[in-house]
Amino acid sequence: MAQMNFGGVIETVVTREEFPLEKAREILKNETIAVLGYGVQGPGQSLNLRDNGFNVIVGQRPGKTYEKAVADGWVPGKTLFSIEEAAERGTIVMCLLSDAAVMAVWPTIKPHLTAGKTLYFSHGFAITWSDRTGCVPPSDIDVIMVAPKGSGTSLRTMFLEGRGLNSSYAVYQDVSGKAVDKVLSLGIGIGSGYLFETTFQREATSDLTGERGSLMGAIQGLLLAQYEVLRENGHTPSEAFNETVEELTQSLMPLFAAKGMDWMYANCSTTAQRGALDWMGPFHDAIKPVVQKLYASVKSGHEAQISIDSNSQPDYREKLNEELRQLRESEMWQTAVTVRKLRPENN
């Protein structure tokens with residue numbers, strides 16, 4: 001484990017050089033890894049583990065997702081089973097179902113979490129708010145987590161490119177005394193770039209804050225606000241979109257992703273530098289109280305309860321699809337369709 005300086009704070013991280021794939025294979029050589037769920041994280045993690053030489057099976061209910069698993073090379077009755085049978089066969093049970101699905105199937109998979117097994121999550125939601133989800137693991141099993149900092153699609157794509165997506169890891173219960181070795185082995189096995197330690201509670205709280213904040217909720221709110229102001233003042237959809245979204249995602253994001261916001265500021269025009277430096281303070285002061293309110297709502301469990309209540313409604317999927325339709329058909333994102341078609345790589 002390496003000590004790294006993150007902005008003046010020393011943290012411990014685990015790299016693939018320190019914890020090589022060969023070591024991970026040796027630690028897990030006698031384990032059967034059962035991946036439950038083939039939706040968001042399931043394909044990337046299971047395929048990466050399989051390609052890295054681990055003994056992997058998949059559990060998935062019949063339907064389109066099951067057929068996708070078959071198309072990806074999982075063989076019914078051999079490496080592809082029902083969720084319950086996979087949980088029974090696995091010595092390490094990777095629960096990669098959605099939060100709502102975990103709660104729904106928990107009563108049927110818990111009997112298969114017998115003494116000596118390992119239960120794995122990629123999100124701390126179910127355990128952190130177990131008083132609301134009902135997901136209380138048996139006391140005689142290891143409970144661990146590896147949470148990739150990105151989608152399962154990104155995890156798989158970066159793996160195939162020879163890169164790695166960074167992940168956090170945590171140990172909730174260490175009954176065997178080997179939980180740390182197992183969680184690090186799985187983290188390396190799924191293709192993590194490097195691993196940093198967290199807890200189930202910290203991961204769940206930061207994850208929900210990020211999704212509702214800068215990763216999705218806040219960024220859509222900010223982009224839409226700027227787009228609307230430009231449109232209300234006579235700018236065309238193309239101009240408003242290019243100045244709000246296209247330049248951000250196609251030009252600036254790659255720059256500050258690679259070298260930092262300070263470098264990007266230093267390499268912009270003097271007019272842009274001055275304006276950005278002057279206005280970052282007012283934006284920060286306006287937004288921070290909203291983030292503080294969001295964090296308090298997440299930490300209290302209120303946001304988890306909203307998700308649980310919403311996802312349990314019989315018409316949840318229909319309502320979700322309608323909300324997504326409205327977002328998709330909004331002027332800003334319909335403009336995006338045309339702008340994407342006009343990018344040089346598409347012509």
Side-chain angles (χ1 to χ4, degrees), residues 16 19-98 101-102 105 108-109 112-114 116-123 141-148 150-162 164-165 167 169 176 178-193 195:
R16 289 188 280 191
F19 203 104
L21 184 59
E22 293 74 18
K23 180 178 179 179
R25 289 197 194 104
E26 178 63 24
I27 290 171
L28 301 182
K29 65 181 180 181
N30 296 320
E31 305 281 359
T32 298
I33 303 169
V35 175
L36 307 187
Y38 208 73
V40 177
Q41 283 289 338
Q45 295 199 35
S46 61
L47 291 170
N48 290 0
L49 283 166
R50 185 178 72 181
D51 288 354
N52 272 333
F54 295 88
N55 180 26
V56 188
I57 62 175
V58 169
Q60 176 60 43
R61 297 199 185 287
K64 290 183 178 179
T65 306
Y66 186 95
E67 296 306 318
K68 181 180 185 304
V70 172
D72 284 344
W74 302 102
V75 181
K78 186 176 179 182
T79 56
L80 179 60
F81 305 92
S82 69
I83 289 174
E84 294 76 14
E85 186 171 355
E88 180 181 2
R89 288 171 173 265
T91 58
I92 296 176
V93 179
M94 297 178 65
C95 193
L96 299 183
L97 299 153
S98 69
V102 172
V105 305
T108 64
I109 66 172
H112 302 298
L113 301 176
T114 51
K117 287 195 176 187
T118 299
L119 176 62
Y120 167 112
F121 290 94
S122 280
H123 187 20
I141 65 171
D142 290 346
V143 182
I144 59 178
M145 174 179 67
V146 177
S151 70
T153 301
S154 297
L155 183 74
R156 181 61 176 167
T157 300
M158 293 174 74
F159 175 84
L160 292 174
E161 293 173 349
L165 187 64
S167 303
Y169 73 93
S176 68
K178 300 177 181 177
V180 172
D181 279 347
K182 284 187 278 189
V183 74
L184 294 179
S185 297
L186 289 164
I188 296 301
I190 66 170
S192 300
L195 295 148

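Position 1 is the first residue of the sequence, and the numbers go up from there.
In terms of modelled atom types and a separation under 3.5 Å, the side chain of K178 and the main chain of D142 share no donor-acceptor contact. No side-chain donor-acceptor contact under 3.5 Å links S167 to the backbone of L195.
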Hey, mind stepping through I83 and L97 against side chain to side chain contact (heavy atoms under 4.5 Å, CB included) and telling me if it holds?
CA-CA 10 Å; I83 289 174; L97 299 153; 3.9 Å; yes

Using side chain to side chain contact (heavy atoms under 4.5 Å, CB included), reason through R156 and N48 one step at a time and then give a plain yes or no.
CA-CA 7 Å; R156 181 61 176 167; N48 290 0; 2.8 Å; yes

Just do the side chain to side chain contact (heavy atoms under 4.5 Å, CB included) check on L165 and F159 with the steps written out, would you?
CA-CA 8 Å; L165 187 64; F159 175 84; over 6 Å; no

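The two residues I33 and F54 make their nearest non-hydrogen contact at CD1-CB, 4.0 Å. Minimum heavy-atom separation, V70 to P76: CG2-CG, 4.0 Å. V183 approaches M145 most closely through the heavy-atom pair CG2-O, 3.3 Å. Closest approach of P148 to Q41, counting heavy atoms only: CG-OE1, 3.8 Å. Contact detail for L119 and C95: the closest heavy-atom pair is CD1-CB, 4.3 Å. K182 and S176 get closest at one heavy-atom pair: NZ-OG, 3.6 Å.
Rounding to the nearest 0.5 Å places CG of L36 at 12.0 Å from CZ of F81. Separating the CD1 atom in I92 from the CD1 atom in I144 is a distance of 6.0 Å, to the nearest 0.5 Å. Taking CD of E88 as the start and OG1 of T32 as the end, the distance is 12.0 Å to the nearest 0.5 Å. Atom-to-atom distance recorded for R50:CZ and D72:CG is 7.0 Å, nearest 0.5 angstrom. To the nearest 0.5 Å, the span separating OG on S82 from OH on Y66 amounts to 8.5 Å. With rounding to the nearest 0.5 angstrom, the CD1 atom of I190 is 5.5 Å from the OG atom of S122.
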Show me the donor-acceptor pairs within less than 3.5 Å that the side chains of residues 56-64 make with the rest of the protein, sequence neighbours left out.
unit_1: Q60; atom_1: OE1; unit_2: Y38; atom_2: N; d: 2.9
unit_1: R61; atom_1: NH2; unit_2: E84; atom_2: OE2; d: 3.3

Quick one: side chains of residues 20-28, donor-acceptor pairs under 3.5 Å with protein atoms, not counting sequence neighbours, listed by atom name and distance.
unit_1: R25; atom_1: NE; unit_2: N52; atom_2: O; d: 2.6
unit_1: R25; atom_1: NH2; unit_2: N52; atom_2: O; d: 3.2
unit_1: E26; atom_1: OE2; unit_2: K29; atom_2: NZ; d: 2.8

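Two residues are said to be in side-chain contact when any heavy atoms from C-beta on lie closer than 4.5 Å; S192 and Y169 fail this criterion.
Looking at V102, V35, V40 one by one, the single match for side chain to side chain contact (heavy atoms under 4.5 Å, CB included) with L96 turns out to be V35.
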